[in-house]
Structure formats: C-alpha cells, structure tokens
Amino acid sequence: MSRLDSFIRRMMAQRDVLNHVAADLELPAQGAVLELGLGNGRTYSHLREIFPGRRIIAFDRALAAHESSIPAPGDLFLGEIRDSARQFARQDAAVVHADIGTGNAARDALTLEWLPALVADLLGPGGIGVSGLPLQHPRLEPLALPAAVPADRYFLYRRR
Ligand code: SAM
C-alpha cells in the first residue's frame, strides 16, 4: 500500500472512530475532551464540531496549528504531554484522544511507557479513550471499533 493510501485510511479511521464516540457511545454527563497532540488542529477542529457543549483542551510540544484551529489560551498547554497533561489527572475527562504515534517503532515504544497510565489517570469513570497507539492498562477496557475501521488501525477504550 502506498503511503498516501495508508495516510488516507488512517484519517478515515480517525474520523469514523471519533464520530462513533460522539454519536453512539454513552459518555459521562460532565467532563472535558482532551486532545493529546494538537498538530495542525484537524482533529481538534472535528472535536469542536462533534462535542459542541464540552470544553476541549489541547496539548502539544509547540503550536503549529492552522489559525482557525488554535484553542483559547486557557485551553492550550505546550510542552511534553507526559508533564503538561499531568495537571488534569483525576479531573475526570469524558474523552481523551491521543494522536501522538509516529510510525517509528522505537519512538512509539518510549511513548507507550507512560501514555497508557496517563490516559487512565486523565479519564473519569466511564470515560472514553481514543488512540492511534494501543494502550494496555488494567483500567482501560478495549471496546469494539465501528465496522468500517479495520482492527489495529485505531484503538478505543472505556475507563473502568
Ligand atoms: N491530531 C492532529 C491533527 O489532526 O492535526 C495531528 C497530531 S500529529 C500526528 C502529533 C502531534 O503530537 C505533533 O504535533 C507532535 O508535536 C505532538 N507530540 C507527539 N508526541 C508528543 C509529546 N510527547 N509531547 C508533546 N507533543 C507531542
């Protein structure tokens, strides 16, 4: 498969899974949506559309988002996510979306040393974790993906 095809499939899976979370899954009545990896802001833009009533808080090393997708200053935290998102632990986020995979196995393995526990700590009970990397953690129960999304292309969890 060409890298273009692979990229398109990943974007479609990302959108399908996020739409599934917003439309089909029961979510905690309260709680923010946390975007780990603002990047260009494309998924942040989508999260604003599908979660219009929720605070959306974004994290990245540096601001590189399109001007239409820059969060308000109080909803953007720059720095290493491992450190910057920690302040939101036990604040019971309703949804955490982590899009910080790199496609480089060695770098992703380092991220996976801390990301599963961070996501488990950020989510409130019943909250939903969405991730481009698989998250193995006793407090994260894997959920089925929408039928259109191939297994292992994106990952979905409910916080126990
Ligand atoms: N979801 C974004 C979008 O739709 O535009 C794309 C996110 S991009 C794939 C990943 C982003 O995560 C990059 O901007 C990168 O700087 C950031 N990132 C990756 N690992 C990080 C870390 N450990 N701490 C802070 N930012 C990180």
Side-chain angles (χ1 to χ4, degrees), residues 1 4-60 65-66 68-72 74-77 81 84-103 108 111-112 114-160:
M1 187 191 305
L4 178 62
D5 284 333
S6 174
F7 176 76
I8 290 169
R9 288 185 189 201
R10 196 172 74 81
M11 295 300 99
M12 289 174 64
Q14 199 172 50
R15 184 189 56 188
D16 287 349
V17 175
L18 292 174
N19 286 348
H20 172 62
V21 172
D24 305 326
L25 298 188
E26 188 177 338
L27 296 176
Q30 307 293 326
V33 175
L34 306 189
E35 170 79 320
L36 308 186
L38 175 65
N40 179 279
R42 291 188 185 97
T43 48
Y44 174 77
S45 159
H46 199 67
L47 291 170
R48 286 203 298 201
E49 281 195 12
I50 62 177
F51 295 111
R54 306 236 182 210
R55 182 182 178 196
I56 303 177
I57 307 168
F59 302 83
D60 207 302
H66 185 272
S68 66
S69 302
I70 297 178
D75 290 338
L76 174 62
F77 293 84
I81 287 168
S84 61
R86 233 327 110 198
Q87 63 192 293
F88 290 93
R90 285 169 290 287
Q91 293 198 27
D92 290 355
V95 176
V96 174
H97 174 226
D99 185 17
I100 58 174
T102 63
D108 289 348
T111 298
L112 286 173
W114 52 266
L115 184 62
L118 177 65
V119 171
D121 287 348
L122 294 173
L123 285 169
I128 297 294
V130 186
S131 175
L133 294 174
L135 305 179
Q136 288 189 358
H137 191 278
R139 277 182 286 143
L140 297 176
E141 177 191 0
L143 297 181
L145 293 166
V149 179
D152 292 350
R153 196 172 294 282
Y154 230 66
F155 302 89
L156 190 55
Y157 304 89
R158 189 181 292 281
R159 157 90 149 76
R160 295 182 208 271

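Numbering of residues begins at 1 and proceeds along the displayed sequence.
Arg86 CZ to Asp121 CG: the interatomic distance, rounded to the nearest 0.5 Å, is 4.5 Å. Rounding to the nearest 0.5 Å gives a distance of 8.5 Å between CG of Leu36 and OG of Ser131. Separating the CG atom in Leu25 from the CD1 atom in Ile128 is a distance of 5.0 Å, to the nearest 0.5 Å. Atom CG of Leu145 is separated from atom OH of Tyr154 by 11.0 Å, given to the nearest 0.5 angstrom. Here CD1 of Ile56 is found 10.0 Å from CD of Glu49. Values are rounded to the nearest 0.5 Å. Between Leu18 atom CG and Ile50 atom CD1 the span is 5.0 Å, to the nearest 0.5 Å.
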Could you walk me through whether Leu34 and Phe59 satisfy the side chain to side chain contact (heavy atoms under 4.5 Å, CB included) test, starting with their C-alpha distance in whole Å, then the side-chain angles of each, then the deciding distance to 0.1 Å, before giving a yes or no?
CA-CA 8 Å; Leu34 306 189; Phe59 302 83; 4.2 Å; yes

Going through the checks in order, is the side chain to side chain contact (heavy atoms under 4.5 Å, CB included) test met by Phe77 and Gln87?
CA-CA 10 Å; Phe77 293 84; Gln87 63 192 293; 3.5 Å; yes

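Although no hydrogens or angles enter the test, the distance criterion places a donor-acceptor pair under 3.5 Å between the side chain of Asp108 and the main chain of Gly103. Side-chain atoms of Arg158 come within 3.5 Å of backbone atoms of Gly126 as a donor-acceptor pair (strictly under, hydrogens ignored). The main-chain N or O of Arg153 is never found under 3.5 Å from a side-chain atom of Arg10 such that the two would form a donor-acceptor pair.
Closest approach of Tyr44 and Ala58 over heavy atoms only: CD1-CB, 4.3 Å. What you find for Ser68 and Arg48 is that their closest heavy atoms are O-NH2, 2.7 Å. In plain terms, the two heavy atoms of Ala94 and Arg54 that are nearest each other are CB-NH1, 3.3 Å. The two residues Leu38 and Ala65 make their nearest non-hydrogen contact at CD2-CB, 3.8 Å. Of all heavy-atom pairs spanning Arg160 and Pro138, the tightest one is NE-O, 2.7 Å. Residues Ala13 and Val149 come closest through the heavy atom pair CB-CG1, 3.8 Å.
Side-chain atoms of Leu123 and Leu140, non-hydrogen and from C-beta on, do get closer than 4.5 Å to each other. By the 4.5 Å heavy-atom criterion applied to side chains, Asp92 and Gln30 are not counted as neighbours. In this structure the side chain of Tyr157 reaches within 4.5 angstrom of the side chain of Pro134, judged on heavy atoms. Looking only at side-chain heavy atoms (C-beta outward), Arg159 and Pro125 come within less than 4.5 Å of each other.
Of the residues listed (His97, Arg9, His46), the one engaging Gln14 in a side-chain contact (heavy atoms from CB on, under 4.5 Å) is His97, and it is the only one. Just one of Val119, Thr111, Asp99 meets the side-chain contact (heavy atoms from CB on, under 4.5 Å) condition when paired with Leu133; it is Thr111.
The local environment of CE in Met11 is crowded, with over 12 non-hydrogen atoms from other residues, nucleotides or ligands closer than 6.0 Å.
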